[in-house]
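A quick write-up on the structure given underneath.
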Amino acid sequence: PDIMYQFVKAIEGMSEACRVLNTPVVSGNVSFYNETKGVGIFPTPTIGMVGLVEDIDKRVVSHFPEEGLNIVVVGKLTGEIGGSEYLKVKTGKIVGRCPDIDVEETKKLVDFLVESADKKLVKCANDLSEGGIAVSLFEMAFKNGIGFEVSLNSNGIRDDFLIFGESQNIVILGVSEDSLSDLIDFAKERGLEVTAVGKTGGKRGIIKVDDRIVVKEDVEELKEVWSKSIEKALD
């Protein structure tokens with residue numbers, strides 16, 4: 001019954017999101033028996049999607065394509081740590097309150113991103129998900145080995161909660177100097193919180209909080225760890 005409850009609530013949540021986002025789900029498959037080494041995985045409904053980019057010149061990649069881009073955060077870092085990957089790694093427990101989810105805000109953010117791509121205001125974009133902003137930034141750095149330096153305001157939030165928290169409706173953008181002011185104005189017009197936090201460049205990923213360096217790592221070294229993580233977990 002507890003597993004069925006999780007499935008029901010997950011599907012109810014996805015249904016609400018589909019209605020707000022006007023997203024059809026045309027087929028599906030549910031498997032209740034997924035195990036690795038005799039240990040069952042979490043109930044994980046998954047949706048696969050296909051989209052159409054009508055003008056390939058307006059595509060937006062998920063990695064840093066070049067140095068010298070402004071790094072912009074759309075959304076607010078609130079340090080929500082409940083149920084996060086960081087909390088699981090640090091404590092071995094999956095506990096705490098799930099981050100707040102505002103699907104109407106998600107719709108506003110998605111529309112903004114689509115229009116920004118159409119206007120060619122952004123060079124790259126990546127969502128904040130597992131591992132928070134710290135992991136998202138390094139994911140963007142890995143493909144081309146381009147580093148970054150960002151400065152965040154703590155706003156009273158613990159450093160580790162701030163950079164590893166998995167708050168919803170947050171996207172990291174790479175924006176050229178020529179487009180920065182237009183992008184910021186456009187986000188504010190849409191009622192979205194937007195902050196320029198740093199730039200791409202170099203070979204290291206540096207994250208500062210209130211001008212204190214809390215992360216300073218070589219991109220290629222972390223890429224080596226990241227690329228072999230599944231292999232290591234199954235070893």
Side-chain angles (χ1 to χ4, degrees), residues 51 53 55-77 85-86 109-110 112-155 159-160 162-167 169-188 190 192-229:
V53 179
D55 185 348
I56 195 68
D57 290 331
K58 294 180 179 179
R59 72 192 185 282
V60 176
V61 297
S62 60
H63 57 269
F64 296 139
E66 60 193 69
E67 296 194 352
L69 292 178
N70 292 282
I71 299 174
V72 176
V73 175
V74 182
K76 185 176 182 180
L77 297 172
E85 184 70 11
Y86 176 71
L109 178 60
V110 169
F112 161 76
L113 292 171
V114 171
E115 292 180 64
S116 296
D118 188 59
K119 295 174 182 290
K120 296 185 177 181
L121 293 177
V122 295
K123 291 292 187 75
C124 60
N126 194 29
D127 65 310
L128 187 152
S129 53
E130 284 183 316
I133 190 171
V135 172
S136 295
L137 284 166
F138 276 99
E139 286 177 344
M140 299 178 81
F142 287 156
K143 183 176 177 63
N144 292 326
I146 295 175
F148 59 87
E149 181 172 333
V150 302
S151 296
L152 307 173
N153 293 321
S154 67
N155 296 316
D159 291 352
D160 52 348
L162 182 72
I163 68 172
F164 294 118
E166 296 177 6
S167 305
N169 294 335
I170 298 176
V171 174
I172 304 168
L173 306 177
V175 184
S176 67
E177 195 67 36
D178 292 342
S179 300
L180 181 61
S181 61
D182 289 340
L183 184 281
I184 290 176
D185 290 343
F186 187 48
K188 290 180 177 178
R190 294 297 184 272
L192 296 168
E193 188 160 334
V194 56
T195 310
V197 297
K199 286 201 170 188
T200 63
K203 299 299 181 183
R204 290 181 175 179
I206 300 172
I207 301 176
K208 296 179 180 179
V209 177
D210 297 337
D211 294 324
R212 292 176 287 102
I213 295 177
V214 296
V215 175
K216 186 177 183 180
E217 298 289 343
D218 183 272
V219 170
E220 291 297 334
E221 288 181 5
L222 286 194
K223 181 180 179 180
E224 179 73 9
V225 175
W226 172 79
S227 64
K228 295 181 178 180
S229 58

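Only heavy atoms go into these numbers, but all of them, side chains included; no hydrogens, no water, no symmetry mates. Here the structure is a predicted model, which is why all the values come from computation and not from measurement.
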Contact between N126 and F64 at the side-chain level, heavy atoms closer than 4.5 Å - yes or no? no
Between F164 and G131, which heavy-atom pair has the shortest distance, and what is it? CD2-O, 3.4 Å
Beyond-backbone contact of E85 with E166, side-chain heavy atoms, under 4.5 angstrom: yes
Taking atom CZ of R204 as the centre, does the number of heavy atoms from other residues, nucleotides or ligands within less than 6.0 Å exceed 12? no
Side chain to side chain contact (heavy atoms under 4.5 Å, CB included) filter on V60, not counting sequence neighbours, yields A117, V122, A125
Of all heavy-atom pairs between M140 and S62, which one has the smallest distance, and what is that distance? CG-O, 3.4 Å
Polar side-chain atom of R190 near backbone of A187 as donor-acceptor pair, under 3.5 Å: no
Measuring from atom CG of D178 to atom CG of L121, what distance do you get when rounded to the nearest 0.5 angstrom? 11.0 Å
Sub-3.5 Å donor-acceptor pair from the side chain of S179 to the main-chain atoms of V175, do we have one? no
For the CD atom of E224 and the CZ atom of F142, what is their distance to the nearest 0.5 Å? 10.5 Å
d(N144 CG, T200 OG1) to nearest 0.5 Å is 10.5 Å
For the residue pair F138 and W226, is the inter-centroid distance of their aromatic rings smaller than 6.0 Å? no
So do the side chains of H63 and I146 get within less than 4.5 Å of each other, counting heavy atoms only? no
Walk me through it: do L77 and S167 pass the test side-chain contact (heavy atoms from CB on, under 4.5 Å)? CA-CA 6 Å; L77 297 172; S167 305; 5.5 Å; no
Can you name the one residue among E67, E177, E149 that meets side chain to side chain donor-acceptor pair (under 3.5 Å) with K199? E177
Minimal heavy-atom distance between E221 and D218, with the atoms involved, is N-OD1, 3.0 Å
Can you find a pair of side-chain heavy atoms, one from I133 and one from I170, that are under 4.5 Å apart? no
Does CG in D55 sit with more than 12 non-hydrogen atoms of other residues, nucleotides or ligands closer than 6.0 Å? yes
Rounded distance [0.5 Å steps], OG in S129 versus CD in E139: 6.0 Å
I'd like to know if the side chain of E217 reaches the main chain of I206, judged simply by a donor and an acceptor atom lying under 3.5 Å from each other, with no hydrogens or angles considered. no
If I compare all heavy atoms of K216 with all of I213, which pair ends up nearest, and what's the gap? CB-CG2, 3.9 Å
May I ask you to test the L192-F186 pair for a side-chain heavy-atom distance under 4.5 Å? no
To the nearest 0.5 Å, how far apart are NZ in K119 and CG in L183? 11.0 Å
What's the spacing between N169 CG and D127 CG if we round to 0.5 Å? 10.5 Å
Any I172 side-chain heavy atom under 4.5 Å of I71 side chain: yes
Going by the side-chain contact (heavy atoms from CB on, under 4.5 Å) test, name the single residue among D210, L152, V209, I207 that passes it with D159. V209
